[in-house]
2 protein chains.
Amino acid sequence: MPKSPATTARSKRAGSQLTPDAIIEASLRIAARGSEDAFTVRRLGEELGADPTAIYRHFRDKDELLLSVADRTLGEVLDSIPEGLDWKGRIRALAAGSLEVALRYPVVGSTMASRTTRRPNEFRVVELIIGAVMEAGLQGAEAAVHYRMVGESLLAFVGQRAAHLLFDADIRAADESAWSREYRLVDAQAFPNITHLSTELAEVTDEQIFQVRVEALISAIEKRVETLRGA
Amino acid sequence: MPKSPATTARSKRAGSQLTPDAIIEASLRIAARGSEDAFTVRRLGEELGADPTAIYRHFRDKDELLLSVADRTLGEVLDSIPEGLDWKGRIRALAAGSLEVALRYPVVGSTMASRTTRRPNEFRVVELIIGAVMEAGLQGAEAAVHYRMVGESLLAFVGQRAAHLLFDADIRAADESAWSREYRLVDAQAFPNITHLSTELAEVTDEQIFQVRVEALISAIEKRVETLRGA
DNA sequence: CGTTGTTGTCAACGGTGTTGCGCTGCCTCG
DNA sequence: CGAGGCAGCGCAACACCGTTGACAACAACG
């Protein structure tokens, strides 16, 4: 832990090879390799051309490193959202951007699905979502709980997709083929609905599902606003 | 792997100490201890009073064991759903039951959040959800994609809650106190919405959020039905 | 110029899931 | 009734994981 510079601005040492930023970028490079290359401390040392344990001079543990990496990617998402969108557009852009980086760096999206980073960019996301639900017409406790619904749902969506991408290729293939193979062979007596929809079930794509899930969030907010207005 | 009995019905050996069922039940006992006791193969052997590696005579690997355990708990959920409910009631009961077992056996709920078990009870759940969305008024491809939305959303919800329960107590405490502490101290200029809602944000409970998320699924389906009817 | 503190290296620890080998005791069949 | 075969279990070990403590090099400071 570097002592925080009191008055002198000497914080940058010339001889320091490793910096937090360099480590984060190396982490992203490994994370981008998805399931082909596990994200381990030893791999990270290899990628940096340094001893694996050197990382512990800059991050307390692997968890703190992952939180920092996650905050970096969250920043990328936020910067990709254009100005001037209405509340629905902002939520859709946030969802699409989050999914994009989560699929690019699966290990990050997966481990952060049920965490709170409490880092700068997370506050920006919170501010954005709360602004959206308030613009939609919710206030006070209603706005608060609906923000949490949107935030955690988005996190859960992209985390789920990212986690799926981390499985070995063969497990993933088995999961995907289930819809087109096993669900066609179920007992028609015991499972009439599955039998009836087997063709349509096999044709649903992940992208369709994601879009419907995002639209469900939006329409749930709209419906809540209408209900409160009517009452 | 026991050879499948061709004609003779000798499948049950008297001397076999360990059975798949006994292993599954021991797993559930460990899983119920939550974050106090990690769910490892060695712990499982301890719980069974047997050598840890004996488990591999009954399950190919830990993943297959977890899938079997998950299917068992899924059966409990399904059996707890009463007869005669309308489609909304069935979805609410499924959601509540799933959450209940996921919180009781966090490690199961957490690891299964992005998996497909392809085991008997999973088909029953699929049948149930498809029946619900069709009773709501959706058909064909619309019913298929909305089933997937409901199924994966529920899995994601309970998986998220379960995963949160698996963290060490101190990490969990830090996450929970964030709302009541750190979010009150943000810069009011940069984050006006957070500042404005800080009190309400701290008062939101997990149960409220879960309920709103489930109702969001239902109202999204209703809205979709209305839209299609109107067109 | 010596002292101090930061940063990287190295070896090692305790934990994980998993596998190969050998023993034991039951089941089946001649 | 005896002999084989084999399923089930214990044991030791492997490869990998995150993490820690001791040590060396080196820059910055008084």
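Fair warning: this is a prediction, and the values are worked out from it, not measured in the lab. Just so it is clear: chains get the letters A, B, ... in the order the sequence lines come, proteins before strands, and each one is counted from 1.
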Protein N or O to nucleotides 18-22 of chain D N or O, pairs below 3.5 Å:
from, atom 1, to, atom 2, distance (Å)
D:dG18, OP1, A:Lys62, NZ, 2.5
D:dG18, OP2, A:Val41, N, 2.9
D:dG18, N7, A:Arg42, NH1, 2.8
D:dG18, O6, A:Arg42, NH2, 3.0
D:dT19, OP2, A:Tyr56, OH, 2.8
D:dT19, OP2, A:Lys62, N, 2.9
D:dT19, O5', A:Tyr56, OH, 3.4
D:dA22, N6, A:Arg57, NH2, 3.3

Inset, instruction - Calculate the interatomic distance between A:Leu44 atom CG and D:dC16 atom P; express it in whole Å. - result: 18 Å

Legend entry - A:Ile55 CD1 - C:dT6 P separation (whole Å): 20 Å

Legend entry - Residues A:Glu47, A:Arg42; criterion salt bridge (charged side-chain N to carboxylate O under 4.0 Å, His left out); working and verdict: CA-CA 9 Å; A:Glu47 180 77 24; A:Arg42 284 171 173 84; over 6 Å; no

Legend entry - Protein-nucleotide distance (A:Ile23, atom CD1; C:dT7, atom C1'), rounded to Å: 11 Å

Inset, instruction - Would you indicate, yes or no, if D:dC9 has its OP1 or OP2 atom less than 4.0 angstrom from a side-chain nitrogen or oxygen of B:His58? - result: yes

Legend entry - Length of the CG-C1' vector between A:Leu18 and C:dT6, whole Å: 13 Å

Inset, instruction - Under 4.0 Å between any heavy atoms, over every strand shown, what does A:Ala38 touch: base, sugar-phosphate, or nothing? Just pick one. - result: nothing

Inset, instruction - Report, as yes or no, whether the 6.0 Å neighbourhood of atom CD on A:Glu200 holds more than 12 heavy atoms from other residues, nucleotides or ligands. - result: yes

Legend entry - More than 12 heavy atoms of other groups within 6.0 Å of B:Gln211 CD: no

Inset, instruction - Calculate the interatomic distance between B:Arg43 atom CZ and C:dG15 atom P; express it in whole Å. - result: 10 Å

Legend entry - Ring-face cation of B:Arg115 near A:Phe167 (centre distance under 6.0 Å, axis angle within 45°): yes

Legend entry - Over 12 non-hydrogen atoms of neighbours within 6.0 angstrom of CZ in A:Arg184: yes

Inset, instruction - Provide, to the nearest angstrom, the distance between the CG atom belonging to B:Asp51 and the P atom belonging to C:dC23. - result: 16 Å

Legend entry - Residue among A:Thr53, A:Leu65, A:Asp61, A:Ile55 satisfying side-chain contact (heavy atoms from CB on, under 4.5 Å) with A:Val41: A:Ile55

